[in-house]
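Only one structure is covered here, and it is reproduced in the block below.
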Amino acid sequence: MIIASANKIIVNKLLAKSIAASPKPHVAHIHTSSARSLLSRASVISASGTPLNLTANQASLSATFLPFVRVREISTKAQWDQSQKLNSSASPTSCCSCGSHLHSVHHHSERAAIRDLKNFSTVIEDISSVIMLPNVPKTQMAQVFDTTGGPIVYREIPVPTPGPDEILINVKYTGVCHTDLHAWKGDWPLATKLPLVGGHEGAGVVVAKGSQVTNFELGDYAGIKWLNGSCLTCEFCLNGNESNCPKALLSGYTVDGSFQQYAVAKALHAAPIPKTADLAKVAPILCAGITVYKALKESNAKPGQWVAITGAGGGLGSLAIQYAQAMGLRVLSIDTGDQKRALTTKLGSEYFLDFKTSTDLVADVIKITNGGPHAVVNVAVAEKPFSMSCEYVRPKGTVVAVGLPAHANIISSVFSTVVKSITIKGSYVGNRADTDEAIDFFSRGIVESPINIVGLSELPKVFEAMEKGEIAGRYVLDTSR
C-alpha cells in the first residue's frame with residue numbers, strides 16, 4: 001500500500017511475493033515527524049483517480065497536508081503479526097520495520113484492488129496528494145448542456161478534483177464571450193466535449209492545488225482563460241505560440257470551463273491576478289482583453305497611426321479601443337446604434353461610423369483616416385466587415401481577423417491585395433506573456449471593462465441578447481446566484 005504526502009511519490013516496483021504468500025493483507029505505515037500534525041482532511045488521489053479518506057488512530061487532525069511521509073512495506077508474516085499488535089494501541093509506538101514512531105492506516109479498497117492484480121511487481125506508479133482548503137464543498141451549481149444546441153440547464157454537479165499540475169479555482173465571476181454562444185450552438189468545425197460546462201473568463205480564488213504546482217498558493221487570485229493548457233514542448237509552445245499547440249486544452253470547449261462555481265485549470269497556464277483586482281471587472285480581460293491586445297500587437301500599427309475596429313461596441317471592441325489608445329493609436333470605431341456610439345465615444349474613439357446608416361462605408365473610412373487605416377482589427381461577428389476591410393485598409397496596411405463568425409470567409413481581390421501590398425492575417429488568443437501584459441494594463445487603471453453583472457442562473461437570457469446584438473460592453477456572471 002502507498003500513501004503519498006504533498007510531494008509526489010512514484011513507486012516503480014514493489015516487492016510483492018510476500019503479499020501473495022501472506023495470510024492477511026499488508027498495511028502501510030505513515031511515519032510523521034509528529035502525530036499531532038496529521039491532517040483532518042487529506043485528499044489523496046490514487047493512480048486510478050479514486051479519492052482516499054485518511055484516518056490515523058486517534059491523532060488530532062488539523063493541518064492541510066502531511067508534512068512528511070514515508071512508506072515501508074511489511075514483507076514478512078512476523079512483521080504483519082507485530083503490526084497487528086501495534087494497531088491495537090491508541091497511542092504512537094515504534095515501527096516493527098524501522099523503529100520510527102508511526103500510525104497504521106488501512107485502505108481496504110486499495111487492498112482489494114491489489115489482490116485483483118495479476119502482476120504484483122507494479123502496484124501503484126503515481127499517487128499525488130491535493131492540498132485543499134477545508135471548506136471546499138462536494139457539489140456546486142453550474143450551467144450545463146448535454147447536447148449541442150440543446151437546453152442549458154442550471155443544475156448541481158460534483159466539484160472537480162485538480163490533477164498534480166492543476167489548481168482548483170473558486171470562480172467568483174465569469175465573463176460571457178461570443179465564443180461561448182458558438183460552442184453551445186456548434187457553429188465551428190471543432191467538436192466540443194459533451195456534456196459541457198462553457199465559459200473561459202473565470203476569475204476567482206485558488207482553493208486547492210496538485211502536488212506539482214509551485215506557482216500558486218492557496219488563497220491566491222487566479223483566472224481561467226480560453227487556453228486551459230498545452231503540451232509546452234512542441235515547436236509552437238517553445239516559440240511562445242501555445243494557442244497553436246496541437247494538444248491545446250480549451251476551457252469551455254474541450255474541457256469544462258468557468259460557468260460553474262469551481263473549475264480546474266493547468267497551473268502553468270492559469271492567469272495570476274493581483275489581490276488588489278476587482279474580480280468582476282478583471283474577468284473579461286482573461287479572454288477579450290488578452291485577445292485584442294494580442295491582435296493590436298500583430299497589426300504592427302505604430303503610435304500615431306490609424307486603427308479601425310469593427311464590432312467596436314461589443315465586449316472585445318470596447319477593450320480594443322482602450323488598449324489601442326494606450327499603445328498610442330488613433331481609433332475609428334465601426335458598429336451600429338446610439339448605445340454603441342455613446343460607449344465608444346466615452347472610451348475615447350475619435351470617430352464612430354454606423355455601418356447601417358453609412359451609404360458608402362469604404363469611402364467614409366478612407367476619408368476619415370486620410371487614405372485608409374494602417375490596420376484593421378476585425379472583432380465583428382458577421383462575415384461582411386472582414387471582406388470590406390480589405391477594400392479600405394491603407395496600402396501596406398494589415399487586416400487582422402479576430403472574430404469568428406460561423407461559416408464565414410474573407411474575400412479579397414487578388415489584384416488589389418497585390419497592388420496595395422496588404423497583409424491579411426489571423427490572430428488567436430495571446431500567450432502567457434501577453435496575458436501578464438494585458439492584466440498589467442488593467443491593474444494600472446489604463447483599461448477598464450464596461451460590464452453588466454447578472455447571476456450565473458441567467459446565462460440563457462444573456463445568450464438571447466447576444467444573438468440579437470443587443471449587448472454593449474460585456475456581461476459578467478456572478479456565480480453565487
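These values consider heavy atoms only, across backbone and side chains, with no hydrogens, waters or symmetry-generated copies. Just so you know, these numbers come straight off a predicted model, no measurement behind them.
A distance-only check finds a donor-acceptor pair linking the side chain of T479 to the backbone of V171 [under 3.5 Å]. A side-chain donor-acceptor contact under 3.5 Å links W188 to the backbone of L404. A distance-only check finds a donor-acceptor pair linking the side chain of S413 to the backbone of S416 [under 3.5 Å]. A donor-acceptor pair under 3.5 Å is formed between the side chain of D278 and the backbone N or O of A280. In this structure, E242 contributes its side chain and S230 its backbone to no donor-acceptor pair below 3.5 Å. Although no hydrogens or angles enter the test, the distance criterion places no donor-acceptor pair under 3.5 Å between the side chain of Q261 and the main chain of Q140. For the pair D256 (side chain) and V264 (backbone), a donor-acceptor distance under 3.5 Å is absent. No donor-acceptor pair under 3.5 Å is formed between the side chain of D335 and the backbone N or O of R341. N431 places a side-chain N or O within 3.5 Å of a backbone atom of G240 that can act as its donor or acceptor partner. Judged by distance alone, with hydrogens and angles left aside, the side-chain atoms of N215 form a donor-acceptor pair with the main-chain N or O of A267 at under 3.5 Å.
The minimum heavy-atom distance between G313 and L343, with the atom names listed, is O-CD2, 3.6 Å. Of all heavy-atom pairs between F352 and G337, the closest is CZ-O, 3.9 Å. Here the closest non-hydrogen pair linking I439 and P272 is CD1-O, 3.7 Å. Taking each heavy atom of A263 and I224 in turn, the nearest pair found is CB-CD1, 3.2 Å. Contact between A326 and F441 at its shortest, heavy atoms only, is CB-CE2, 3.6 Å. In terms of heavy atoms, V307 sits closest to A324 at CG1-CB, 4.0 Å.
At a threshold of 4.5 Å between non-hydrogen side-chain atoms, the residues Y351 and W306 count as touching. Between I451 and Y475 there is no side-chain heavy-atom pair separated by less than 4.5 Å. You'll find the side chain of F236 reaches within 4.5 Å of the side chain of P246, heavy atoms only. In this structure, V393 and S389 have side chains that are not in contact, with every pair of non-hydrogen atoms separated by 4.5 Å or more. Looking at F386 and V399, their side chains never come closer than 4.5 Å, going by heavy atoms from C-beta outward. Looking only at side-chain heavy atoms (C-beta outward), K461 and V454 stay at 4.5 Å or farther from each other. With contacts defined as side-chain heavy-atom distances shorter than 4.5 Å, the pair I424/S412 qualifies. A 4.5 Å side-chain heavy-atom check between E217 and K209 finds at least one atom pair inside the cut-off.
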Pair V159-L168, side-chain contact (heavy atoms from CB on, under 4.5 Å): steps then yes or no: CA-CA 9 Å; V159 171; L168 178 66; 3.9 Å; yes
field: Full working for side-chain contact (heavy atoms from CB on, under 4.5 Å) between I152 and F259
entry: CA-CA 11 Å; I152 302 173; F259 292 159; over 6 Å; no
- prompt: Stepwise, does the side-chain contact (heavy atoms from CB on, under 4.5 Å) test hold for K185 with E467?
  reply: CA-CA 11 Å; K185 295 178 68 176; E467 285 191 283; 3.0 Å; yes
query: Between N300 and T398, is a side chain to side chain donor-acceptor pair (under 3.5 Å) present by the stated rule, with each step listed?
result: CA-CA 8 Å; N300 295 318; T398 302; 5.0 Å; no
message: Could you walk me through whether T148 and W184 satisfy the side-chain contact (heavy atoms from CB on, under 4.5 Å) test, starting with their C-alpha distance in whole Å, then the side-chain angles of each, then the deciding distance to 0.1 Å, before giving a yes or no?
response: CA-CA 6 Å; T148 300; W184 170 50; over 6 Å; no
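To the nearest 0.5 Å, the span separating CZ on R432 from SG on C237 amounts to 7.5 Å. Atom CD of Q305 is separated from atom NE2 of H374 by 4.0 Å, given to the nearest 0.5 angstrom. Atom CG of L218 sits about 4.5 Å away from atom CG of L133, to the nearest 0.5 Å. For the atom pair T254 OG1 and L190 CG, the distance stands at 7.5 Å (nearest 0.5 Å). In this structure, L227 CG and N244 CG are separated by 9.5 Å, a value rounded to the nearest 0.5 Å. We find the CG-NZ distance between D434 and K297 to be 4.0 Å, quoted to the nearest 0.5 Å.
Tested against E201, the residues K172, R474, K225 include a single salt bridge (charged side-chain N to carboxylate O under 4.0 Å, His left out) partner, R474. Under the side-chain contact (heavy atoms from CB on, under 4.5 Å) rule, H269 has a single partner from L232, L249, T435, which is L232.
Shown here is D338, whose CG atom has no more than 12 heavy atoms of other residues, nucleotides or ligands within 6.0 Å. Atom NZ of K193 has more than 12 neighbouring heavy atoms from other residues, nucleotides or ligands inside a 6.0 Å radius. Taking a 6.0 Å sphere around NZ of K425, one finds it holds more than 12 heavy atoms contributed by other residues, nucleotides or ligands.
Relative ring orientation between Y253 and W226 is described as perpendicular, the plane-to-plane angle rising above 60° on a 0-90° scale split at 30° and 60°.
Note on residues 318-330: pairs passing side chain to side chain donor-acceptor pair (under 3.5 Å), not counting sequence neighbours, are R330-E350. A salt bridge (Lys or Arg N to Asp or Glu O under 4.0 Å) check over residues 444-460, counting only residues at least two apart or in different chains, returns the pairs K281-E448, D440-R444.
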